[in-house]
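Quick notes on the structure that follows.
Since the structure is predicted, the reported quantities are computational estimates derived from the model, not experimental observations.
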Amino acid sequence: MISSRNARTIANLAIASALTILLAACSSMSLPSLSSSSAPEAEPGVAPDMPATVRADEIVGRWGLASFQNPNDRARTEAAARGQCKQPYVIGAGTSGGVVMHLADQATPQELRLKGSPSGKNYIGPPGPTPGEQDREIVSFDGRVLITRFIDKDAAVRYGNMVYVRCAPRA
């Protein structure tokens with residue numbers, strides 16, 4: 001038989017255990033706050049697309065194409081690109097406002113977008129984050145000469161700085 005003294009101790013331990021379990025359950029729950037001291041923080045969203053400072057219609061056309069690795073070869077490469085106008089690289093207008101060009105190592109051209117960035121740089125590439133791995137940075141553009149460089153390190157090493165020189169209109 002349990003004496004009344006032992007029964008009281010067991011009852012106190014049971015109540016203390018029940019209260020501990022109840023408090024632990026309450027602390028793991030998120031209850032609404034009745035105070036208006038702070039608003040919930042908004043989750044960071046995806047940054048809005050920035051327009052490029054170069055428009056698609058500015059680069060649509062026929063271009064002589066060459067590339068260089070060494071910046072000292074730029075003038076020679078521009079002359080070589082001008083000579084390629086006999087077989088020009090054609091940058092077409094896309095159906096949704098982009099340009100039709102090849103991605104690195106792709107045989108079929110596809111529509112790409114011109115994208116801006118907070119740093120002020122412009123990129124050409126598929127939809128997605130800027131700059132994306134398949135994008136190319138527009139290094140310079142003066143309306144007549146366009147120089148781009150792929151973001152992907154491997155493609156940048158293989159292709160170098162791509163020099164596009166606008167071909168004269170067909171007679």
Between I59 and I138, does a side chain to side chain contact (heavy atoms under 4.5 Å, CB included) hold up when you go through it step by step? CA-CA 11 Å; I59 65 170; I138 297 176; 5.6 Å; no
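- Here the straight-line distance linking atom OG1 of T130 with atom CE of M50 works out to 9.5 Å at 0.5 Å rounding.
- Taking all atoms of both residues into account, the shortest heavy-atom contact from A156 to F150 is CB-O, 3.4 Å.
- Within the structure, no pair that satisfies the salt bridge (charged side-chain N to carboxylate O under 4.0 Å, His left out) test touches residues 84-101, not counting sequence neighbours.
- With sequence neighbours left out, Q134 forms a side chain to side chain contact (heavy atoms under 4.5 Å, CB included) with L103, P126.
- Under the side chain to side chain contact (heavy atoms under 4.5 Å, CB included) criterion, T108 pairs with no residue, sequence neighbours left out.
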For a side chain to side chain contact (heavy atoms under 4.5 Å, CB included) check, start with the C-alpha distance between D135 and K115, then their side-chain angles and the critical distance, and finish with the verdict. CA-CA 9 Å; D135 289 354; K115 308 184 275 186; 2.9 Å; yes
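- N122 places a side-chain N or O within 3.5 Å of a backbone atom of T53 that can act as its donor or acceptor partner.
- Listed for the R82 side chain is no donor-acceptor partner under 3.5 Å among the backbone atoms of G64.
- Between K121 atom NZ and I151 atom CD1 the span is 7.5 Å, to the nearest 0.5 Å.
- Remark: R74 CZ to I147 CD1 distance equals 3.0 Å, nearest 0.5 Å.
- Annotation: salt bridge (Lys or Arg N to Asp or Glu O under 4.0 Å) contacts of E133 (sequence neighbours excluded): none.
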For M162 and T148, what are the C-alpha separation, side-chain angles and deciding distance, and is it a side chain to side chain contact (heavy atoms under 4.5 Å, CB included)? CA-CA 5 Å; M162 306 293 287; T148 67; 3.4 Å; yes
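- Looking at residues two or more places apart in sequence or on another chain, you find a side chain to side chain contact (heavy atoms under 4.5 Å, CB included) between N72 and N70.
- Considering every non-hydrogen atom in both A81 and V163, the closest pair reads CB-O, 3.8 Å.
- Every pair tested for ring-ring contact (aromatic ring centres under 6.0 Å, His included) that includes a residue from residues 103-142 fails, sequence neighbours excluded, so the list is empty.
- At a threshold of 4.5 Å between side-chain heavy atoms, the hydrophobic network of Ile, Leu, Val, Met, Phe, Trp and Tyr places Y164 and V54 in one connected group.
- Judged as a side chain to side chain donor-acceptor pair (under 3.5 Å), the pairs with a partner in residues 95-106 (not counting sequence neighbours) are, in order, Y89-H102, T95-E111, S96-E111, D105-R158, D105-Y159.
- Under the side-chain hydrogen bond (donor to acceptor under 3.5 Å, both in side chains) criterion, S117 pairs with S119, sequence neighbours left out.
- Residue pairs meeting the disulfide bond (SG atoms under 2.5 Å apart) criterion with at least one partner in residues 71-113, sequence neighbours excluded, are C85-C167.
- Between V145 and E78, some side-chain heavy-atom pair lies under the 4.5 Å cut-off.
- Transitive grouping of hydrophobic side chains (ILVMFWY, heavy atoms separated by less than 4.5 Å) keeps V165 and V60 in distinct clusters.
- For R62 (side chain) and A168 (main-chain N/O), a donor-acceptor pair under 3.5 Å exists by modelled atom type.
- Under the 4.5 Å side-chain heavy-atom criterion for ILVMFWY residues, no single connected hydrophobic cluster contains both M101 and V90.
- To the nearest 0.5 angstrom, Q69 atom CD is 10.0 Å from T77 atom OG1.
- Residues meeting the salt bridge (Lys or Arg N to Asp or Glu O under 4.0 Å) test with D57, sequence neighbours left out: R55.
- The salt bridge (Lys or Arg N to Asp or Glu O under 4.0 Å) test applied to R149 returns E137, not counting sequence neighbours.
- Residues meeting the side-chain hydrogen bond (donor to acceptor under 3.5 Å, both in side chains) test with R113, sequence neighbours left out: D49.
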